[in-house]
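These notes are about the structure you will find just below.
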Amino acid sequence: MSKIFYTKTDEAPALATQSFLPIVKAFSKTADVTLETKDISLAGRIIANFPDYLKEEQRISNDLEELGELAKKPEANIIKLPNISASIPQLKEAIAELQEKGYALPNYPDNPSNEKEQDVKSRYDKIKGSAVNPVLREGNSDRRAPRAVKNYAKQNPHSMGAWSKDSKTHVATMGKEDFKSNEKSLTIDAATKVRIELSQEDGSVKILKDNIALLAGEIIDATVMRKAALMAFLKEQVKDAKDKGVLFSLHMKATMMKVSDPIIFGHAVEAYFEDVFTKHAETFASVGISSNDGLENLFSKLNDLPAAKKAEIEKDIEQTIENGPDLAMVNSDKGITNLHVPSDIIIDASMPAMIRNSGKMWNAQGNTQDTKAIIPDSSYADVYTATIDFCKKHGAFDPTTMGTVPNVGLMAQKAEEYGSHDKTFEIANSGSVKVIDINSNATLIEHAVEKGDIWRMCQVKDAPIQDWVKLAVSRAKATQVPAVFWLDENRAHDAELIKKVNLYLNDHETIGLEIKILAPKEATEFSLQRMKEGKDTISVTGNVLRDYLTDLFPILEVGTSAKMLSIVPLMNGGGLFETGAGGSAPKHVEQFMEEGHLRWDSLGEFLALGVSLDFYGEKNNNAKARILGDALDSATEKFLINDKSPSRKVMEIDTRGSHFYLALYWAEALVNQDKSAELKATFEKVYGELRSKEEQIAKELIESQGSTKDVGGYYLPDSDKAAAAMRPSQTLNSILDAI
Ligand SMILES: NC(=O)C1=CN([C@@H]2O[C@H](COP(=O)(O)OP(=O)(O)OC[C@H]3O[C@@H](n4cnc5c(N)ncnc54)[C@H](OP(=O)(O)O)[C@@H]3O)[C@@H](O)[C@H]2O)C=CC1
Ligand SMILES: O=C(O)CCC(=O)C(=O)O
Ligand SMILES: [Mg+2]
């Protein structure tokens, strides 16, 4: 019999699971639904990949690999919570925590000097960054705010910072010699294999990657970001931010674009701290400081130096900050800047948060200030420029009246940038990079490159494109809302995609539907204008815009992307149900440790479980599972109407209290249905008890707050301690245990 696979992940969502999963298990049991947990946490993935270093009893199965295989089967039914896409500093922290817990794992070798270290590094590099989503996402993405969520936001609008016409906030982007401007693209006629090679100036040839299999109809693109142009751009921005008196802030995605963006981040650190890096180049090299890992790592490595040297460097850094433009802060109280950790500022969440906050970010004094948002590559920067310009002109959006922009995103089978991880290279020697067809020996794409340039290739297969067009048409039909393909005919890759979109639209009945193709800037303006007028518009986008827009619009519309329904209809018939569109909210864990209050909003989990149960019922002919799913949907609506989402403040309802109310309403809905007398009878008792003890349970849950919490670890918490911390109401626990 098939099962629902529920993922164990990291940080706030993993804590929330400790409280929510016991409820889900207790309820599902009554409908003969089997649930199994799979560990895709960062710690779990590390442990699973190093069995040869570990004791027998420490070894665990490779759950990600198993789920990846399952995702290709029609019976797949996976509930996927957000997991950490680890930057190098996070990966190193996780390794250190595991070593401390007795796992004899090797250190991450920054500069491997032998084969063994090379093997260790390549295993860790597979775990690093966005390593889970591309494996599980064997389908395209359908993300939207359900009607109940929109209605809730209209009645309970979140705060929106006012915008002023003379805000100095702006986006700075390269526009030349970047990934967008240097892109070349073509569609492959017949299946073949290609290799990527670097012809170096001394005449020698270095193979960067061999035997890349391409299918007929596959689109490939390749491009290069030039280091010299990037450095000149970044230095200009440092100066300009100082001149204009705005915050210097860098926005990119070092997690998802795990090869290119940490390098770009490192260049920004070096551009800002140019004097420091020039003066101390040798010292930095001697202790293995890499600008790519950020300031936090730099400061910790200074401890390996003699005290006087350390003090001298710290003073130079302080001086540079004092003389330079103000830096945007991640945490002003703790002195954590935008340049501390590459994974701290992730563009999909950071730009909308800034736009929601009047276009301001935090400065070192803990005040908000206008900002220069630096987005080096110009591929999608226009979207934010257009949004900022729109807010300057029209003022902030009004959540009580604005429309919605759902998304249909192309991402199946490592589409587009998801497939670039193993085809992105920091160029070691000047020359030219060529993509060569192994069968015909023809050069398909060629770029002249210099040392330090970042070259990358992406691919997108034909079948996912067909599936994406089909999904877009079906959403447009289901909602009768205009659908816009965000594609720019002047961009090489998009021009290839446009040909296919026009071709595959012919496969569908589209009479009466409004379907457009607009470049990202125009698509943003079109959608924002409609949104302001209370009208809805479907955005149909490639992979990166899928990521950006499914935080941007939800954060403006409903305050957070945690409330999104996030479905991935898998191409082979299964279902992957993601929980919201946000990340793993590290800030929330910090608050939980300090104050015992967790403000993770599990609405995404509730929505995902609802569709997963429904899907389960349909696939397994299990009527009770569908009743359970329907009841959960009604419960979620009531939950929203009664506003039982976690509060941000300690001693008010938190994640655990919100789960209790969901259970209460879920039981109530099962009592109120008439399709299954058996379920009704079971839940009459449960509901009666939950209702009569509501006050007692709510009190026990609140009283457990207000003190520090210890769950025995960050990346690998102690599951007994975490369960105890997340299930503090004995009254609730015993009712659930009795189901
Ligand atoms: N699908 C996945 O697996 C994803 C994973 N990630 C990973 O998550 C980590 C953290 O990423 P980051 O960019 O900081 O993004 P997060 O989404 O974790 O955090 C940004 C902010 O979003 C809000 N938020 C997100 N989810 C919730 C929720 N359920 N309830 C309440 N508020 C929420 C909070 O903002 P506020 O304070 O404004 O309320 C939060 O501080 C990274 O490792 C990243 O790679 C990121 C995105 C998706
Ligand atoms: O894969 C990742 O690292 C993050 C993905 C993400 O942010 C998203 O899917 O919205
Ligand atoms: Mg995202």
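When a ligand or atom number is given, it counts from 1 through the structure's own listing order. Remember, it's a predicted structure, so these values are computed and weren't measured experimentally.
A side-chain N or O of Ser612 and one of Asn77 form a donor-acceptor pair less than 3.5 Å apart. With 3.5 Å as the limit, one finds a donor-acceptor pair spanning the side chains of Gln705 and His597. Residues Gln90 and Lys128 have side chains that never bring a donor and an acceptor to within less than 3.5 angstrom of each other. Inspection of the Ser87 and Ser343 side chains reveals an N or O donor paired with an N or O acceptor under 3.5 Å. When only modelled atom types and interatomic distance are considered, Thr550 and Arg143 share a side-chain donor-acceptor pair under 3.5 Å. Using a 3.5 Å distance cut-off with no hydrogens or angles, the side chains of Tyr108 and Asp125 do pair a donor with an acceptor. Residues Asn363 and Gln369 bring a donor and an acceptor atom of their side chains to less than 3.5 Å of each other. No hydrogens or angles considered: a donor-acceptor pair under 3.5 Å links the side chains of Asn140 and Asp467. Judged by distance alone, the side chains of Asn49 and Tyr124 never bring a donor and an acceptor atom under 3.5 Å apart. Defined by atom type and a distance below 3.5 Å, a donor-acceptor pair is present between the side-chain atoms of Trp600 and Glu605.
Of all the atoms in ligand 1, the ones that sit under 4.0 Å from a non-hydrogen atom of Arg137 are 1 (N). Ligand-side atoms of ligand 1 in range of Ser85: 43 (O), 45 (O), range being under 4.0 angstrom from any heavy atom. Annotation for ligand 1: atoms under 4.0 Å from non-hydrogen atoms of Ile84 are 43 (O). Close approach of ligand 1 to Lys80 (heavy-atom distance below 4.0 Å) involves ligand atoms 1 (N), 2 (C), 3 (O). Short contacts between ligand 1 and Lys587, defined as distances under 4.0 Å to a heavy atom of the residue, involve ligand atoms 37 (O), 41 (O).
Shown here, atom 23 (C) of ligand 1 is out of close reach of the protein: none of its heavy atoms lies under 4.0 Å off. The nearest protein heavy atom to atom 28 (C) of ligand 1 is closer than 4.0 Å.
Cation-pi geometry between Arg137 and Tyr418 is not satisfied (NZ or CZ under 6.0 Å from the ring centre, within 45° of the ring normal).
Taking any N or O of Ala585, backbone or side chain, at least one lies under 3.5 Å from an N or O belonging to ligand 1. Below 3.5 Å of separation, one finds an N or O of Ser584 facing an N or O of ligand 1. Considering backbone and side-chain N/O atoms, Asn83 comes within less than 3.5 Å of an N/O atom of ligand 1.
Atom 42 (C) of ligand 1 has Ile346 CD1, 3.9 Å as its closest protein atom, hydrogens excluded (heavy atom only). Annotation: atom 39 (O) of ligand 1 to nearest protein heavy atom, Arg648 NH2, 2.8 Å. Counting only heavy atoms of the protein, atom 14 (O) of ligand 1 lies nearest to Pro586 CD, 4.1 Å.
Between the side chain of Trp163 and the backbone N or O of Ile355 there is at least one donor-acceptor pair closer than 3.5 Å. The main-chain N or O of Leu598 is found under 3.5 Å from a side-chain atom of Asp654 such that the two form a donor-acceptor pair. A donor-acceptor pair under 3.5 Å is formed between the side chain of Asn156 and the backbone N or O of Tyr152.
Around the CD atom of Glu652, the shell of radius 6.0 Å holds more than 12 heavy atoms that belong to other residues, nucleotides or ligands.
With a 4.0 Å cut-off on non-hydrogen atoms, Val132 does not touch ligand 1 at all. At a 4.0 Å heavy-atom cut-off, ligand 1 touches Arg599 through backbone and side chain alike. Proximity of Arg356 to ligand 1, defined as any heavy-atom pair under 4.0 Å, is confined to the side chain (atoms from C-beta onward).
For the atom pair CG of Asp633 and CH2 of Trp666, the computed distance is 10.0 Å after rounding to the nearest 0.5 Å.
Inspection of the environment of the Mg ion (ligand 3) yields the following protein N, O or S atoms under 2.8 Å: Asp348 OD2, Asp547 OD1.
Residue-level contacts of ligand 2 at the 4.0 Å heavy-atom threshold are Ser85, Ser130, Asn133, Arg137, Arg143, Lys253, Asp348, Tyr418, Arg546, Asp547, Ala581.
Ring centroids of Phe485 and Trp468 are separated by less than 6.0 Å, placing the two rings close together.
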